[in-house]
Number of protein chains: 2
Amino acid sequence: MTLDTLPPHTGGAEHLARLLAQALLAGRWQPGDAFPRELDIARHFAVSRNQVRNALATLTSAGLLERTAGRGTLVREMGDWHLLDPLMSKWMTGLVNIDPQLVRAIYAFRYSAEPMVAGLAAQAALPEDLERLETAFAGMEKTAASTDLRGEHAEYDVAFHDATYRATHNLVWRQMGHLLRPSIMALVWGSQDRTGTLDDSLSRHRQVLEAIRNRDISAAESAAHEVLRRTAIDLGIVS
Amino acid sequence: MTLDTLPPHTGGAEHLARLLAQALLAGRWQPGDAFPRELDIARHFAVSRNQVRNALATLTSAGLLERTAGRGTLVREMGDWHLLDPLMSKWMTGLVNIDPQLVRAIYAFRYSAEPMVAGLAAQAALPEDLERLETAFAGMEKTAASTDLRGEHAEYDVAFHDATYRATHNLVWRQMGHLLRPSIMALVWGSQDRTGTLDDSLSRHRQVLEAIRNRDISAAESAAHEVLRRTAIDLGIVS
DNA sequence: AGTTTATTAAATGTCTGACATTTCTACAAC
DNA sequence: GTTGTAGAAATGTCAGACATTTAATAAACT
């Protein structure tokens with residue numbers, strides 16, 4: 001793998017980092033492969049070595065690369081990636097060709113965890129949490145009709161689930177919210193035929209909201225479970 | 001808060017980062033406070049501005065700081081910390097004065113999640129996973145007798161729980177393993193009277209191992225639950 | 001022949017000083 | 001009062017030289 005097929009670079013070390021990260025996330029280097037040298041990258045994108053170093057430092061902190069003086073830069077395997085780093089979410093968002101293995105892993109996690117999260121939320125939610133949930137849900141309803149609002153709809157979807165994680169009032173669970181965006185965005189780009197499915201999805205979300213509002217723990221758990229089953233269908237994981 | 005009360009610096013940007021991170025984790029700056037300027041830090045520790053910048057970049061990537069050109073460096077609030085970043089685990093490990101709120105949050109997460117993790121492990125464990133679990137458990141047994149082996153005992157304890165998370169064979173759950181070390185280490189330094197409690201802890205761990213080996217999901221869940229209850233007692237969260 | 005020891009090349013890491021950019025404040029002008 | 005401008009203060013960026021680590025190669029010595 002060389003740099004030749006990457007899109008051009010228009011400015012900012014941050015941008016360069018995203019560019020390289022997305023190439024890595026798309027699997028354009030194999031784990032264990034040698035990553036290009038600093039000077040080659042700098043020359044190729046016509047940026048200073050400094051920007052390259054900053055970008056590579058960022059990728060290293062996300063667990064994508066491993067650098068050692070004298071030897072060079074190696075690509076790490078997927079198991080070492082820091083999937084819960086918010087930067088990763090940013091990079092994965094809007095990336096069309098995410099490794100399906102990754103989407104499934106994130107989904108499997110949500111499937112096992114999110115019912116419990118909803119249950120915890122039903123225990124711990126405060127009025128402000130309910131407000132966030134309601135606002136997000138209203139947004140989902142409002143944007144459900146038109147197909148060219150589906151990007152906006154997905155944002156409200158993310159906000160709804162994120163509000164659930166936040167409502168646990170646990171610092172660790174709250175961090176997990178970062179995983180939601182890539183997972184839900186994969187949904188948007190992955191499924192074409194959304195006719196009818198949205199109504200179903202909406203009603204399932206409504207049940208989660210109602211259960212949390214009623215502080216009904218087991219109802220929240222099973223409702224979240226149902227939402228995730230719907231998601232699985234839309235992701236094509238089950239039929 | 002000034003830099004004056006920090007220990008000296010003996011070399012390496014990595015070391016400097018750990019020093020500053022631990023000061024932050026111990027709560028020596030309040031969220032929203034201004035962090036010292038680069039040049040002041042450089043002068044105080046007698047290092048180059050470069051090392052300071054690298055260290056601060058690391059802390060920023062962990063969510064501890066927020067930097068903006070022209071304004072300066074601000075300390076972020078605990079809710080923004082990237083608790084699941086492996087660097088954070090490193091920094092927290094061996095830190096005596098961790099904020100009790102943080103220890104409780106991590107424990108609460110484990111209490112809610114780990115039974116499910118054990119259940120998933122019972123479903124997905126492979127022979128190599130069982131081997132890891134057995135090795136770790138054997139180490140725990142071997143080091144249970146003497147009190148001056150309790151550091152080593154804690155390492156086997158961490159290894160045991162980490163093996164459980166790995167046995168789920170899910171990339172996301174596996175990341176959570178990083179949280180274990182600080183949580184378990186807090187146990188070591190927090191509890192003095194360990195006479196008799198170790199036997200109890202060991203037998204509960206053994207039941208988790210047996211349940212996973214027998215692929216008994218609900219047994220694994222309840223056994224893990226029991227281990228966590230034991231931990232809660234030792235952490236002083238419940239009596 | 002095989003093992004150890006210098007030598008060299010190539011990569012990342014570090015230092016230094018100058019300069020660029022952003023942000024906030026204060027003060028002046030209209 | 002509002003607007004505009006000048007300046008100070010902080011982080012961000014650049015360029016080039018140099019340091020350090022690593023791996024490979026060649027030389028020297030049993």
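Lettering follows sequence order; numbering is per chain, from 1. Just the heavy atoms: all of them, side chains too, but no hydrogens, waters or symmetry mates, feed the values below.
Here the side chain of B/Y165 pairs no donor or acceptor atom with the backbone of B/H178 at under 3.5 angstrom.
The residue among B/G70 and A/N54 whose nearest nucleotide of DNA chain D lies closer to the 5′ end is B/G70.
Remark: C1' of C/dT12 and CD1 of A/I41 are 12 Å apart, rounded to the nearest angstrom. Atom CD in A/Q51 sits about 13 Å away from atom P in C/dT21, given to the nearest Å. Atom-to-atom, CG of A/L59 to P of C/dT12 comes out at 13 Å; the value is rounded to the nearest Å. Separating the CG atom of B/L39 from the C1' atom of D/dT11 is a distance of 10 Å, rounded to the nearest angstrom. Remark: P of C/dT12 and CD of B/E14 are 18 Å apart, rounded to the nearest angstrom. Atom CZ of B/R53 is separated from atom P of D/dC14 by 11 Å (rounded to the nearest Å). Rounded to an integer number of Å, the gap from CG of A/L65 to P of C/dT12 is 11 Å. Between B/H15 atom NE2 and C/dT14 atom C1' there is a gap of 18 Å when expressed in whole angstrom units.
Under 4.0 angstrom from either OP1 or OP2 of C/dT12 there lies at least one side-chain N or O belonging to A/R67. An OP1 or OP2 oxygen of D/dT11 is reached within less than 4.0 angstrom by a side-chain nitrogen or oxygen of B/T73.
In this model, a side-chain donor or acceptor of B/R49 finds a partner on the base of D/dG12 within 3.5 Å.
Distance from the side chain of A/R37 is smallest for C/dA11 among the nucleotides D/dT11, D/dT22, C/dA11. The side chain of A/N50 sits closest to D/dC14 out of C/dC15, D/dC14, C/dT12. Picking from D/dT22, D/dG12, C/dT16 the nucleotide with the shortest atom distance to the side chain of A/R71 gives D/dT22.
Every salt bridge (Lys or Arg N to Asp or Glu O under 4.0 Å) that A/R53 has, sequence neighbours left out, goes to A/E38.
B/R18 places a side-chain heavy atom less than 4.5 Å from the side chain of B/H15.
Ring pair B/H205/B/H161 is perpendicular by interplanar angle, where above 60° counts as perpendicular and below 30° as parallel.
Applying the 6.0 Å contact sphere to CZ of A/R104 captures no more than 12 heavy atoms from other residues, nucleotides or ligands.
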